[in-house]
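All figures in this text were calculated on a predicted structure; none of them were measured in a lab.
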Amino acid sequence: MATLEECRAALGRLAQNLSTANGAVRGAAALDRSLSCWITDLDVTFVGRLANGALEDVTSVPGPPPDRAQIRLSMRGDDLVALVDGELHFAKAWGSGRVKLEAGFRDLLRLRTLL
């Protein structure tokens, strides 16, 4: 089971990857949306913003998401680390139910480049 520190580090790597991305990935990340990622096995939620092609103002709060973010993810900590490290493909994880994603239809269309 991934620790809180490992999940926080994985989100840091994801933020770094987004901030240095180019082309279609950079364009997809250029949304300005609130974001939450609930790590179910640790019962902690990371909240922040996807803005200007980067993850910004990421903090953690205990329990499930306190507010309804525009883009909502939920998964186990191990899956978050595996996704960011490229060991788990998002479509496979989403299709099998290991990762849950909720967002508006337009956001899903733009996010498909990232995922």
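Residue Leu14 is grouped with residue Leu50 when hydrophobic side chains (ILVMFWY) are merged at heavy-atom distances under 4.5 angstrom, including chains of intermediate members. Note on Leu88 and Val84: same hydrophobic cluster, where clusters join Ile, Leu, Val, Met, Phe, Trp and Tyr whose side-chain heavy atoms are under 4.5 Å apart, directly or indirectly. Both Leu42 and Val58 belong to a single network of hydrophobic side chains, linked directly or stepwise wherever heavy atoms of I, L, V, M, F, W or Y lie under 4.5 Å apart.
For the atom pair CE of Met75 and CG of Leu80, the computed distance is 5.5 Å after rounding to the nearest 0.5 Å. The CG atom of Asp67 sits 10.5 Å away from the OG1 atom of Thr45 when rounded to the nearest 0.5 Å. Rounding to the nearest 0.5 Å gives a distance of 13.0 Å between CD of Gln70 and CZ of Arg106. Note that CZ of Arg76 is 7.5 Å distant from CE of Met1, once rounded to the nearest 0.5 Å. Note that CG of Leu73 is 9.5 Å distant from CD of Glu102, once rounded to the nearest 0.5 Å. For the atom pair Glu6 CD and Ile39 CD1, the distance stands at 11.5 Å (nearest 0.5 Å).
Residues Val47 and Asp57 have side chains not in contact (no heavy-atom distance under 4.5 Å, counting atoms from C-beta outward). For the pair Val81 and Arg13, the minimum side-chain heavy-atom distance is below 4.5 Å.
Listed by chain and number, the residues in a salt bridge (charged side-chain N to carboxylate O under 4.0 Å, His left out) with Asp79 are Arg98 (sequence neighbours excluded). Remark: Glu5 pairs with Thr3 by the side chain to side chain contact (heavy atoms under 4.5 Å, CB included) rule, at least two apart or across chains.
Heavy-atom minimum distance, Ser60 versus Val44: CB-CG2, 3.9 Å. Nearest heavy-atom pair, Ala2 versus Cys7, reported as atom, atom and distance to 0.1 Å: CB-SG, 4.1 Å. Shown here for Phe90 and Val99, the closest heavy-atom pair between the two residues is CE1-CG1, 3.5 Å. Nearest heavy-atom pair, Leu55 versus Ala15, reported as atom, atom and distance to 0.1 Å: CB-CB, 3.9 Å.
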| request: Please assess Arg72 against Trp38 for the test side-chain contact (heavy atoms from CB on, under 4.5 Å), listing each intermediate value before the final yes or no. | output: CA-CA 8 Å; Arg72 299 167 303 282; Trp38 181 29; over 6 Å; no
